[in-house]
Amino acid sequence: MKRRLRGMLPLLLPLLLLTGCWQEEPPEEPEEMLPSFEEEPVKEVKAALPERFALPYMPGRSLDPVDCADGMQQTVSSLLYEGLFRLDGRFEAQPCLCVSYTHDETAGRYTFAIREGVQFSDGSLLTARDVKASLDRARESERYRSRLSEISSISVKGDSVTIVLSSPNAAFPALLDVPIVKSGSQDSPAPLGTGPYFYAEEETGAYLIANQSWWRGERQPVERIALVEAPDNDAMLYRFSSHEVQLITADLTGVTAVSTTGSVGCVDAETAVMQYVGCNTSRAPLDNPALRRALSAGINRANVTSAYLSGHGRPAAFPVSPASALYPADLDEGYSLDSFTAALAESVYDSDRPLTLLVNAENRFKSAIAAFLAESWTAGGVAVEVRALPWEEYAAALAAGDFDLYYGEARLTADWNLGSLLEPAGTLNYGRWSNPDTSRLLAEFAGAEDRAAAMRSLCAHLRDQAPILPVCFKSTSVLTQAEVVEGLAPTAAEPFYALSQCLIHLEGE
């Protein structure tokens with residue numbers, strides 16, 4: 001049995017380390033106390049395949065993609081609904097229910113042509129009015145209100161939808177992966193969608209059934225997906241560990257620990273969730289850009305992601321994901337102690353007062369990263385002390401500006417709008433950063449035709465001024481029972497993004 005376990009350790013070790021479940025093996029007894037025998041070959045025992053494929057869901061809770069609960073419900077709803085666009089693994093907008101569009105930059109107007117012949121799961125045709133109704137609802141929802149806030153108006157003409165923006169955004173389609181439901185069906189626990197599956201119920205419970213009228217005409221890996229009741233995350237993990245469900249999504253570096261047993265597969269998906277160090281630029285000594293640059297040079301980003309996030313993230317020196325084609329890799333100099341030492345000498349930093357680094361104490365991963373950063377900076381000549389606070393106290397201290405540095409997290413949008421972090425009135429601009437060149441470069445990037453060049457200029461400026469110090473972009477994880485699911489290529493919003501390439505192995509098939 002020990003040999004079997006050794007083969008599974010590469011998969012199990014990251015999860016066990018995350019949850020504190022890993023224990024050292026007990027010391028072996030002295031050799032002379034062991035009986036002598038010839039070791040027989042250990043036969044590999046393959047895990048039994050399930051008779052059905054099942055996902056967890058929360059009974060009695062809505063699957064409406066606009067306001068359903070995060071986690072389980074979103075995984076299920078991703079199979080039921082589609083948007084005008086989909087975001088691929090590089091955060092590029094790929095047309096879905098939209099077949100084409102035009103953009104009038106001067107008027108801030110986008111006109112989207114809706115794909116013809118697309119059916120909802122009840123057989124009725126998708127119309128432009130369904131699209132408008134869904135987007136209007138999304139604009140009022142907690143989930144989508146912020147990302148759609150620049151919309152001034154939405155109108156319909158024939159088979160097209162026109163959206164007028166209050167400010168230029170050349171990447172606006174990247175915000176339109178908002179799921180579309182049939183107008184008038186939103187009061188149902190599972191509104192009608194156009195996706196590869198649709199929701200159904202029978203006496204034995206709820207399930208998803210393959211949509212034979214799916215407009216893409218691509219292969220669905222199974223005809224039927226059972227839905228197993230899981231009222232909360234603890235129940236979800238139990239269902240997964242007991243093999244009642246075969247796939248779950250999880251943030252393995254979040255506040256809530258994830259613990260699983262058995263042979264488990266893990267595939268990560270890139271996200272737009274950035275972790276970074278914020279600087280209080282409104283007070284000394286962090287009003288000095290040279291010191292901020294030195295602190296950035298002192299961050300070993302690769303070590304943070306590998307050692308403290310167990311590889312569930314990508315190191316990033318700029319506020320755009322390295323998975324995106326916009327990331328200016330040529331500007332990323334990487335970490336070296338010599339660079340940190342030289343940058344600190346150039347800053348002429350000289351202070352006896354330790355800097356305070358705030359962190360949310362409820363996330364042990366962030367707390368560990370903050371301790372590592374403080375230790376690194378202190379060893380290099382900048383004394384930093386960590387101040388770990390419960391969430392409410394942490395948020396209050398940020399709002400009051402009662403910090404020198406803080407370790408934060410921001411969920412960015414796929415158009416890489418950084419205004420909330422870097423504009424004077426930005427909701428996440430706790431460091432009181434205000435700079436005319438920053439605002440100009442942000443505006444130029446928003447409306448740029450050559451977005452890569454505009455992003456490079458913006459990142460070069462941010463490297464010089466360093467109002468925030470990006471550390472990494474987190475990933476989210478799709479966990480599966482080993483040997484059941486094959487070919488997953490998940491994105492942050494769609495665990496089954498490449499559905500037609502996915503294989504699901506069941507008993508007897």
Side-chain angles (χ1 to χ4, degrees), residues 83-88 90-116 126-141 144-178 180 272 318-320 324-328 412-427 429 434-462:
L84 290 178
F85 295 86
R86 308 170 75 200
L87 293 179
D88 63 19
R90 293 170 64 85
F91 302 98
E92 296 291 335
Q94 304 298 334
C96 188
L97 298 181
C98 167
V99 69
S100 64
Y101 68 92
T102 59
H103 177 208
D104 183 343
E105 182 178 356
T106 303
R109 180 186 298 115
Y110 280 89
T111 300
F112 302 95
I114 306 306
R115 190 179 297 275
E116 295 181 357
L126 169 73
T127 70
R129 294 192 178 279
D130 293 313
V131 174
K132 179 183 184 305
S134 290
L135 293 179
D136 280 338
R137 287 183 62 229
R139 292 171 66 192
E140 302 299 321
S141 70
Y144 295 109
R145 183 186 300 119
S146 177
R147 78 151 81 170
L148 301 179
S149 61
E150 60 186 354
I151 295 178
S152 294
S153 65
I154 305 177
S155 59
V156 170
K157 184 177 181 181
D159 293 329
S160 66
V161 175
T162 297
I163 298 178
V164 178
L165 304 180
S166 59
S167 57
N169 188 344
F172 180 63
L175 304 180
L176 293 180
D177 60 336
V178 177
I180 304 301
F318 305 105
V320 57
S324 168
L326 298 178
Y327 188 82
L412 303 179
T413 47
D415 62 342
W416 308 112
N417 183 342
L418 304 175
S420 62
L421 286 163
L422 298 171
E423 289 285 24
T427 55
N429 186 4
S434 180
N435 182 284
D437 287 336
T438 304
S439 298
R440 173 181 58 80
L441 289 166
L442 288 172
E444 290 177 357
F445 170 68
E449 291 294 328
D450 188 346
R451 288 175 55 76
M455 174 59 82
R456 190 181 189 284
S457 296
L458 174 59
C459 288
H461 166 74
L462 294 177

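Numbering starts at 1 and runs along the sequence shown.
Judged by distance alone, the side chain of R90 and the main-chain N or O of S324 form no donor-acceptor pair under 3.5 Å. R109 places no side-chain N or O within 3.5 Å of a backbone atom of D104 that could act as its donor or acceptor partner. A donor-acceptor distance shorter than 3.5 angstrom exists from the side chain of R451 to the backbone of D415, with no hydrogens or angles considered. No donor-acceptor pair under 3.5 Å is formed between the side chain of T438 and the backbone N or O of S434. In this structure, the side chain of S166 engages the main chain of E150 through a donor-acceptor pair within 3.5 Å.
Annotation: side chain of E423 is not in contact with side chain of N417 (no heavy-atom distance under 4.5 Å). The closest side-chain heavy-atom distance from L176 to F112 is below 4.5 Å. Between V131 and L97, the closest side-chain pair of non-hydrogen atoms is not below 4.5 Å.
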query: Passes side-chain contact (heavy atoms from CB on, under 4.5 Å), F445 versus L326? Steps please.
result: CA-CA 11 Å; F445 170 68; L326 298 178; 4.1 Å; yes
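Distance check, rounded to the nearest 0.5 Å: CZ of R139 to OG of S134 gives 13.0 Å. The CG atom of L462 sits 10.0 Å away from atom CG of L421, with the distance rounded to the nearest 0.5 Å. Atom OG of S153 and atom NZ of K132 lie 9.0 Å apart (nearest 0.5 Å). How far CG of L458 is from CG of L418: 6.0 Å, rounded to the nearest 0.5 Å. Residue E444 holds its CD atom at 5.5 Å from CG of L441, rounded to the nearest 0.5 Å. Atom CZ of F91 is separated from atom OG1 of T413 by 11.0 Å, given to the nearest 0.5 angstrom.
In terms of heavy-atom proximity, C96 sits nearest to R86 at CB-CG, 3.8 Å. The nearest pair of heavy atoms linking A138 to S141 is O-OG, 2.8 Å. Considering every non-hydrogen atom in both A448 and A454, the closest pair reads CB-CB, 3.6 Å. Smallest separation of non-hydrogen atoms from A128 and D159: CB-C, 4.1 Å. When all heavy atoms of P319 and W416 are compared, the closest pair comes out as O-CE3, 4.2 Å. Listed here is the closest heavy atom pair of F85 and A93: CD2-CB, 4.0 Å.
A salt bridge between D450 and R456 is absent, with no side-chain N of the basic residue lying under 4.0 Å from a carboxylate O of the acidic one.
Every residue meeting the side-chain contact (heavy atoms from CB on, under 4.5 Å) condition with R129, not counting sequence neighbours, appears here in chain and number order: T127, V156. Partners of F318 according to the ring-ring contact (aromatic ring centres under 6.0 Å, His included) rule, which considers only residues two or more places apart in sequence or in another chain, are Y327. Applying the ring-ring contact (aromatic ring centres under 6.0 Å, His included) test to F172 and every residue at least two apart in sequence or in another chain returns Y110.
Screening I163, T162, L148 for a side-chain contact (heavy atoms from CB on, under 4.5 Å) involving I154 leaves a single residue, I163. Only one option out of L165, L175, N169, V164 pairs with I151 in a side-chain contact (heavy atoms from CB on, under 4.5 Å); it is L165.
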